[in-house]
Amino acid sequence: MLDTTDTPLQSLLRRRKPGYSLEAPFYTSPEVFKADLDIIFHRHWIFVGVEPDVPEPGDAMSFEIGGTSVFVVRDDDMGLRAFHNVCRHRGAPLIHDYKTTIGNIVCRYHSWTYGLDGKLLFAEHMGADFDPSCHGLKPVHVRSLEGLIFICLSDDPPADFDVMAAKMAPYLAPHDLRNAKVAFEKDIIEPGNWKLTMENNRECYHCAGNHPELTVPLFAYGFGFAPEELGEHERAEADEYAKLVTTSHREWESCGFPSEMVEHLDDMVTGYRTERLPLAGDGESHTGDTKAACAKLLGTINDPKHGALHFWTQPNSWHHFMSDHAVVFSVLPLDAERSLLRTKWLVHKDAVEGVDYDVANLTAVWEATNDQDSELVGYCQHGARSPAYEPGPYSPHTEMLVEKFCNWYVGRMAEHLGR
Amino acid sequence: MDASTRMMDVAARRLGSALPAWNPDTDDVLVVQAVREETHDVKTFVLAPKNPTAFHYEPGQFLTLDLEIAGEAINRCYTISSAPTRPHAISITVKRVPGGPVSNFLHDTLKPGSELRAVGPMGDFTCFRHAAGKYLFLSGGSGITPLMSMARTFHDLAIPRDIVFVHAARSPADIIFRDELELMARNQNGAFKFAPVCEGDAPREPWHGLKGRLSLQMLKLTAPDFMEREIFVCGPSPFMAAVRTMLGEAGFDMARHHEESFNFEELAAAEPEVALEVAAAELAEAAKQAEAPAPMGEAPVAAPVTTYQVTFAKTGRTIEVPSDKFVLDMARRAGVRLPSSCSKGLCGTCKSKLNSGTVDMKHQGGIRQREIDAGMVLLCCSKPTSDLVVDR
């Protein structure tokens, strides 16, 4: 059958070759980017921050998802609410700061005032016929998964968030993110399409050659290798690692820390992956010396040697939960060729900077790694613009999870555009 | 000792050297020494403490009278008309307002020997805090009192000061302190210029001077260099609003414009809701016509209330706010402009830092407990429970 009704994007999606990187327009085309926003970022659960970003009633945080401004606010009952950051009068943003504290929600322009439930409480000079109840703020779906805040711009958000949440909660709960605080956070703009940022995150093929800091706490073969290429010594190391994973999992699970790998990266609408992994060296944390960066441990953890729980979500986040701190990452697309990478380092809320932890030590590994990754993403973005670029094959041993990211993406796009 | 010798004694004692300063905390009773008829409806009450003490104040400040009228406690502020250069007595000058309980009480019951309780002096509407070589005083009706105090002070000190004193009255018969102002002008050889403006004639005195309501044109005639002067204004709120508009039109630097609302009864009386409408109406009225003093109305006696001083640290203004009135509302009526919108504790636009003092605040979510703990208040829904200093 001729596909004369196909859009160029549908054609691109249909001819995507499994096991290969995506064609250039997926990384460079403004039209594809627009479709990405509409289909991926406006219809899926997007990770935007953590509960410690808005710890107390009246705390608000605003952010943009592909030009759509949204804010999350902590209400008086300690609940989380999210709204479109648009006044129902003439559209001015209500929250201008990234993070702030408010009483009610007030538009600075004409002081239209909304309660934290979004109801319009006050609008002067609007006449007798004006009905405030028709001009409340537009709510946005918001969920917290053990302190990780996800929002969905769609009126009909993917229901399988609950499936993920039920599975993940026991993994995350011991780290008690709700009783943590953001010790440091940093935004960087990566010079690449958001998918390149995500793809880069989904493999460690590039780690040995690029991340001298990150590979101190992480085992080189933790994310796969080609067995036939290993020398004797390397094979021994890989075997050791495999054993260590098995024994660590057994030990951690026995004391109440779920550890086994769960992976639904391309078979769920709300795709995710988790596993608690052993760390190299002293095995405590993602630090330069692999020792815990914070003297006060998170949640109920009483031993710093509880490895690093990683948790990835499609389409835009990854997280590392150590016994002493957590690092959470959110990718927010800016345009076809630029993405915001927002990283937050969290420690126990009672930990005192300069006493229990040193910020430079806490952030060193991932600050360095993010900068290195940003540069690598820029390389790929540059390459995607070249007429010589064509999709290349993924390593079956180390890039399986990149492949799953692309499968998920292509699947979600095709689902909405019609196959 | 005969009566006249006794009288001399009292006078001599009052002039004793090194008199202590009057302290209302220890002795708040003032005795009426004299009652002077300034015009047909304006009287000056000369007050002195029972035990000789000296009054120290800055010209332009006010006293708060603590009165009991028909069994009810009432506080009223009156700017002092006397000059601190004559520290042995203090004067307030009061215009009788038809139906006004306080002014009528003062006019009808006070006579030499009457006793009053008072606190003060206080207030920061004084040229002494804004030293300048040239002043322009603009007064309307009985708003003349603080400016008279300033004029008398410079006159007594005989320190040359270029002052143009423009006073707006209904008729020549209503010009308060007319003879004395003319005398001061003669004594100061042109350095002091007195320019009364009358709306109309008096029954036996047609007015040949500046006639009508005070206008920018008149201002330019009487004080051609008014743009260079430090300006002090006192009068009914429409008068002051009109002056503001006038000076605004002329492009005057409003940092050198100072105003005092002496007409406190009017400010304090109305309910906040009514007050808002009145304030809006006053502004509209002011815009419509260049104002001269409007007849002042005293509102009915309200329940007994304490009045507190509210000082705005950045603008340097001080206003009086009764404990049953909202700070924002009183500020608005006194011409202190603060960002605000909903006026009911919802929107938080008027959120301000309280440098000192306490309030009774009934907000509706426009402020967080954390902010309150940090010393913030919403002025629109806060009633003072002490003197306040607001960081605005």
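All chains are named by letter (A, B, ...) in the order of the sequence lines, taking the proteins before the strands, and each is independently numbered beginning at 1. Below, all heavy atoms of this structure are taken into account, side chains as well, without hydrogens, waters or symmetry copies.
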Hey, does Asn104(A) have a side-chain heavy atom less than 4.5 Å from the side chain of His363(B)?
no

At a heavy-atom separation under 4.5 Å, does Thr113(A) approach chain B through its side chain, its backbone, both, or neither?
side chain

How about CG on Asp253(B), more than 12 heavy atoms from neighbouring residues, nucleotides or ligands closer than 6.0 Å, or not?
yes

Show me the pairs that pass salt bridge (charged side-chain N to carboxylate O under 4.0 Å, His left out) and involve residues 120-141 of chain A, at least two apart or across chains.
none

Can you tell me if CD on Gln369(B) sees more than 12 non-hydrogen neighbours from other groups inside 6.0 Å?
yes

In terms of heavy-atom proximity below 4.5 Å to chain B, should Ile105(A) be classed as side chain, backbone, both, or neither?
neither

CZ of Arg370(B) to OG1 of Thr101(A): how many Å apart, nearest 0.5 Å?
4.5 Å

Output all residues satisfying side chain to side chain contact (heavy atoms under 4.5 Å, CB included) with Gln364(B), sequence neighbours left out; order by chain, then residue number.
Lys344(B), Leu346(B)

Heavy-atom pairs under 4.5 Å with chain B, option from Pro57(A), Ala123(A), Ser111(A) with the top count
Pro57(A)

Which residues in residues 378-392 of chain B have any heavy atom lying under 4.5 Å from a heavy atom of chain A?
none

Check Phe122(A) against Ser341(B) and note the closest heavy-atom contact, atom names and distance.
CE2-OG, 3.3 Å

Flag side-chain contact, heavy atom, 4.5 Å: Cys347(B) against Trp112(A):
no

Does NZ belonging to Lys119(A) count more than 12 external heavy atoms closer than 6.0 Å?
no

Which members of residues 345-353 of chain A, sorted by number, sit under 4.5 angstrom from chain B on a heavy-atom basis?
none

Give me the one residue out of Asp59(A), Asp75(A), Asp76(A) that meets salt bridge (Lys or Arg N to Asp or Glu O under 4.0 Å) with Arg368(B).
Asp76(A)

Atom CZ of residue position Arg178(A) - does it have more than 12 heavy atoms of other residues, nucleotides or ligands inside 6.0 Å?
yes

